[in-house]
There are 2 protein chains.
Amino acid sequence: MKLDHIGIAVRSLEQALKFYRDTLALACTGIEEVPAEKVRVAMLVLGGTRIELLEPTGADSPIARFLEKRGEGIHHISLQVAGLDAHLRRLEAAGVRIIAGKGEYGAGGHRYAFLHPSSCGGVLVELVEADPSTPSRRAGLRSG
Amino acid sequence: MKLDHIGIAVRSLEQALKFYRDTLALACTGIEEVPAEKVRVAMLVLGGTRIELLEPTGADSPIARFLEKRGEGIHHISLQVAGLDAHLRRLEAAGVRIIAGKGEYGAGGHRYAFLHPSSCGGVLVELVEADPSTPSRRAGLRSG
């Protein structure tokens with residue numbers, strides 16, 4: 001199990017990139033819009049893991065709702081696992097609340113699930129299936 | 001630059017360990033009390049980085065104040081850098097607010113600084129000096 005990325009909800013990608021890309025000097029591997037999730041996303045390399053900046057593109061984006069409620073900050077962490085189904089079975093047996101995905105395919109073409117923060121010390125945790133042949137660029141973000 | 005750890009504020013270390021250690025099966029490398037910072041800390045290995053669970057030991061702990069204001073969740077992320085002083089000079093020149101540490105030695109014996117969330121997309125960012133001879137076990141936590 002490894003940390004795939006840390007997802008950070010921001011009001012302005014450009015503003016956040018000034019810090020993470022220009023000042024901290026992290027390499028930005030791409031900026032893209034994901035219409036299905038109503039976000040613009042910037043990915044930055046941080047050692048063996050990544051930072052994902054998420055800017056809403058509409059007021060009904062899950063990220064817009066998060067910003068309204070909590071302000072800017074960390075939205076979720078994403079853990080890459082081998083054998084997602086076995087993990088989900090073990091998690092459900094342990095009473096962990098699985099709130100989205102449950103092994104479906106997300107926008108990035110990878111199977112994923114989201115675990116409820118109440119089960120994870122207040123942290124929204126995404127599990128994304130590891131795929132050694134095509135490294136995950138980003139994971140699905142169906143949940144807010 | 002690499003992610004040293006993700007710090008998560010929790011009300012109960014035991015409860016959070018049930019998820020992170022027992023259910024997710026992350027290896028816990030130690031639990032310790034840090035009286036100077038009024039926290040109990042559990043460290044868990046997550047691939048090439050770590051999760052730091054922080055439980056307050058008193059009502060005047062910075063973590064207790066965070067929990068009161070925000071509830072459980074991610075408190076900070078810590079980035080390991082080589083050449084902390086050069087980083088701090090560049091950050092200050094770029095207008096980043098440095099709120100604690102500024103290169104002082106933290107509880108773990110490592111030099112550190114905390115950057116204000118308003119400069120970092122809502123995220124409290126710690127910088128900790130990399131020390132290849134004695135890998136950082138945990139960094140100072142002067143700021144809440």
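Bear in mind the structure is a predicted one, so any value in this text is a computation, not a measurement. So that the names make sense, note that chain A is the first sequence line, chain B the second, and so on, each numbered from 1.
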Exercise. Mark yes or no for whether A/His116, through its side chain, and A/Ser118, through its backbone, hold a donor-acceptor pair below 3.5 Å.
Key: yes
Quiz item: Counting N and O atoms only, with roles assigned by atom type, does the side chain of A/Glu72 sit under 3.5 Å from a partner on the main chain of A/Arg11, one being a donor and the other an acceptor?
Solution: yes
Quiz item: Is the backbone N or O of B/Pro56 less than 3.5 Å from a side-chain atom of B/Ser61, with the two atoms forming a donor-acceptor pair by type?
Solution: no
Practice problem: Heavy-atom distances under 4.5 Å only: say whether A/Val125 touches chain B with side chain, backbone, both or neither. | Solution: side chain
Quiz item: Hey, are A/Glu14 and A/Arg40 close enough for a salt bridge, meaning a charged N less than 4.0 Å from a carboxylate O?
Solution: yes
Practice problem: Below 4.5 Å from any heavy atom of chain B, which atoms of A/Ala16 appear? Answer side chain, backbone, both or neither. | Solution: neither
Exercise. Check whether any side-chain N or O of B/Lys38 sits under 3.5 Å from a backbone N or O of B/Ile63 as a donor-acceptor pair, and report yes or no.
Key: no
Self-check item: Top contributor to chain B interface from A/Ile74, A/Val10, A/Ile77, A/Val96 [non-hydrogen pairs under 4.5 Å]
Solution: A/Ile74
Quiz item: Where does B/Leu91 contact chain A at under 4.5 Å (heavy atoms): side chain, backbone, both or neither?
Solution: both
Quiz item: Is a side-chain N or O of A/Glu52 found less than 3.5 angstrom from the main chain of A/Met43, in a donor-acceptor match?
Solution: no
Self-check item: Per-residue contact mode, B/Leu24 against chain A (heavy atom under 4.5 angstrom)
Solution: both
Exercise. Measure A/Ala93 against the heavy atoms of chain B and call it side chain, backbone, both or neither at under 4.5 Å.
Key: neither
Quiz item: Picking from B/Ile51, B/Leu46, B/Thr49, which has the most non-hydrogen pairs under 4.5 angstrom with chain A?
Solution: B/Leu46
Self-check item: N-O pairing of B/Arg65 and B/Asp60 below 4.0 Å
Solution: no
Self-check item: Part of B/Arg70 within contact of chain A (heavy atom distance under 4.5 Å)
Solution: both
Exercise. Go through the atoms of A/Thr23 and report whether side chain, backbone, both or neither lie under 4.5 Å from a heavy atom of chain B.
Key: both
